[in-house]
Number of protein chains: 2
Amino acid sequence: MKVKAQRVNAIVQLIENNRVGSQDELLTLLEQLGFKTTQATLSRDLKALKVAKQPDYDGGYVYVMPENQVPEESELSYGDFPLGGILSLEFSGNLAVIKTRPGFANGIASVIDSHGPYEVLGTIAGDDTILLITRETVSRTGVVSGLSLFMPGIRDKVVG
Amino acid sequence: MKVKAQRVNAIVQLIENNRVGSQDELLTLLEQLGFKTTQATLSRDLKALKVAKQPDYDGGYVYVMPENQVPEESELSYGDFPLGGILSLEFSGNLAVIKTRPGFANGIASVIDSHGPYEVLGTIAGDDTILLITRETVSRTGVVSGLSLFMPGIRDKVVG
DNA sequence: ACTTTGCTTGTATAATTATTCAAGAAAAAG
DNA sequence: CTTTTTCTTGAATAATTATACAAGCAAAGT
């Protein structure tokens, strides 16, 4: 019976590509792909896959694959944009701290400055840290969206 | 109320050092440390801390801290810590400013970075000033406590 | 003083997730 | 082929976790 294998495969894809926040949500997504099952089975599948449920930065929850728990070095892309230099993005109040690889902070900060996204008032860069002052009226998801316009993949760097 | 800050600190320690598998379990551990609270509060604390619940190898579940930790060179001994370079530590909102003697800022900031205390999101250093961005959920005394773990005497530098 | 505002918390409950139980299906053994 | 064992699953339920609500409290303003 390879139904299970296919379903498990689909679950992995769905969790990696969408922001799945509950098992019922996952259940619906699977139905749209033609898998019909129950929440009980999903609970078992998720346990077998070691998928963790983590609080999201926007106030909800997300299921995350175990290897996504640790920022993956393998996906460093030094192509268009030196996103590989970015290790994490974390918020505190109306500030955001971007951790970079040593020496990257100034370069990345100047890229942000040159694009001047509305949500960002300004940046200050050290050697491996960028401090980002956000506009008072914008949300955190708004800031991330603004950055992602020219920093594709930045969402994956958001911590917590 | 610094009860919350202390409790949150304790939660972090407990989760990092023990194999906590449920909120009730955590509740018991906290009671043994003298904290009396309820499951509801723990749920909120864990959400704020972005602690994830992950299936464990042994068939159970564990709570895990978000993995934004720096590799552990934290065992380095800074026995002769250049505390003399520090002139003052002062808070403003969720920021702290450390004034140092000229030229000391970068060195001291990198020491803080290498220890990566939980309470501190990141630092940016100039020549004689370090800006320290603190985590939203921690108190000022919590920050000072976190720093004093490897910067004995820092308390004496706190202004106000 | 008195409000007001915002934060923290507990109770009770809702929502979600895990597991028990039984049953059906496939593989393995006889 | 028949029996036995192992897997997988759904339904029901247990267990766990999240949240609505209200109360308590402190800081800040009037």
Side-chain angles (χ1 to χ4, degrees), chain A residues 1-11 14-15 18-31 33-66 92-94 136 160, chain B residues 1-11 14-15 19-31 33-66 91-94 134-142 160:
Chain A
M1 189 61 78
K2 58 183 175 181
V3 173
K4 181 181 179 183
Q6 290 179 325
R7 187 188 60 238
V8 167
N9 215 18
I11 290 174
L14 286 171
I15 287 177
N18 306 281
R19 303 239 145 173
V20 183
S22 75
Q23 293 179 9
D24 276 334
E25 206 175 310
L26 183 55
L27 197 61
T28 307
L29 291 173
L30 281 170
E31 268 176 17
L33 291 182
F35 295 93
K36 88 175 189 308
T37 183
T38 62
Q39 176 266 325
T41 296
L42 292 190
S43 175
R44 285 185 278 248
D45 287 347
L46 292 177
K47 183 172 186 176
L49 287 170
K50 305 262 190 294
V51 175
K53 188 188 185 187
Q54 186 175 45
D56 205 358
Y57 62 83
D58 65 357
Y61 294 83
V62 246
Y63 281 95
V64 295
M65 296 298 296
S92 179
N94 61 326
E136 285 179 334
Chain B
M1 279 290 182
K2 58 183 176 181
V3 174
K4 180 181 179 184
Q6 291 178 324
R7 187 187 60 237
V8 167
N9 257 334
I11 290 173
L14 287 170
I15 286 176
R19 214 74 315 174
V20 183
S22 75
Q23 294 179 8
D24 276 335
E25 205 175 312
L26 182 56
L27 197 61
T28 308
L29 291 172
L30 281 171
E31 267 176 18
L33 291 182
F35 295 94
K36 94 175 190 306
T37 183
T38 62
Q39 175 267 325
T41 296
L42 293 189
S43 174
R44 286 184 278 248
D45 286 347
L46 292 177
K47 183 172 186 176
L49 288 169
K50 306 277 187 287
V51 176
K53 188 189 185 186
Q54 186 176 43
D56 204 0
Y57 311 98
D58 65 356
Y61 294 83
V62 246
Y63 281 94
V64 295
M65 294 298 297
F91 286 93
S92 176
N94 59 328
T134 70
R135 202 171 282 270
E136 286 178 333
T137 52
V138 304
S139 65
R140 293 175 182 194
T141 55

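Lettering of chains follows the sequences in order, A, B, ..., and the numbering in each one begins at 1.
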Minimum-distance nucleotide to B:K47 side chain [options: C:dT17, D:dT19, C:dA18]: D:dT19
Interatomic distance where CG belongs to A:L27 and P belongs to C:dT16 [whole Å]: 12 Å
Separation of atom CD in B:Q39 from atom C1' in D:dA18, rounded to whole Å: 7 Å
Presence of A:T41 side-chain N/O under 4.0 Å of D:dG10 phosphate oxygens OP1/OP2: yes
Any B:T37 side-chain nitrogen or oxygen under 4.0 Å from OP1 or OP2 of C:dG10: yes
C:dA18 phosphate, OP1 or OP2, under 4.0 Å from A:Q23 side-chain N/O: yes
Rounded interatomic separation in angstrom, taking CZ from B:R7 and C1' from C:dG10: 12 Å
Rounded distance (Å) that lies between atom P of C:dT16 and atom NZ of B:K53: 15 Å
Distance below 4.0 Å between A:S43 side-chain N/O and C:dA18 OP1 or OP2: yes
Short side-chain N/O contact to D:dG10 OP1/OP2 from A:K36, under 4.0 Å: no
A:L26 vs A:L30, side-chain contact (heavy atoms from CB on, under 4.5 Å): CA-CA, chis, key distance, verdict: CA-CA 6 Å; A:L26 183 55; A:L30 281 170; 4.2 Å; yes
Interatomic distance where CG belongs to B:L46 and C1' belongs to D:dT17 [whole Å]: 10 Å
Test item: B:V51 and B:M65 side chains (from C-beta on) under 4.5 Å apart, heavy atoms: yes
pair A:I15-A:V64: side-chain heavy atoms closer than 4.5 Å: no
Atom-pair distance (OH on A:Y61; P on C:dT17), nearest Å: 10 Å
Of B:R44 and B:Y63, the one whose closest DNA chain D nucleotide lies more 5': B:Y63
Over all atoms of both residues, closest heavy-atom pair of B:Q23 and B:Q39: OE1-NE2, 3.0 Å
Protein-nucleotide distance (B:D24, atom CG; C:dG10, atom P), rounded to Å: 14 Å
Interatomic distance, B:L26 CG vs D:dT16 P [rounded to whole Å]: 14 Å
B:T38 vs A:A40, nearer the 5' end of DNA chain C by closest nucleotide: B:T38
Trace of the side-chain contact (heavy atoms from CB on, under 4.5 Å) decision for A:L46 with A:Y63: CA-CA 9 Å; A:L46 292 177; A:Y63 281 95; 3.8 Å; yes
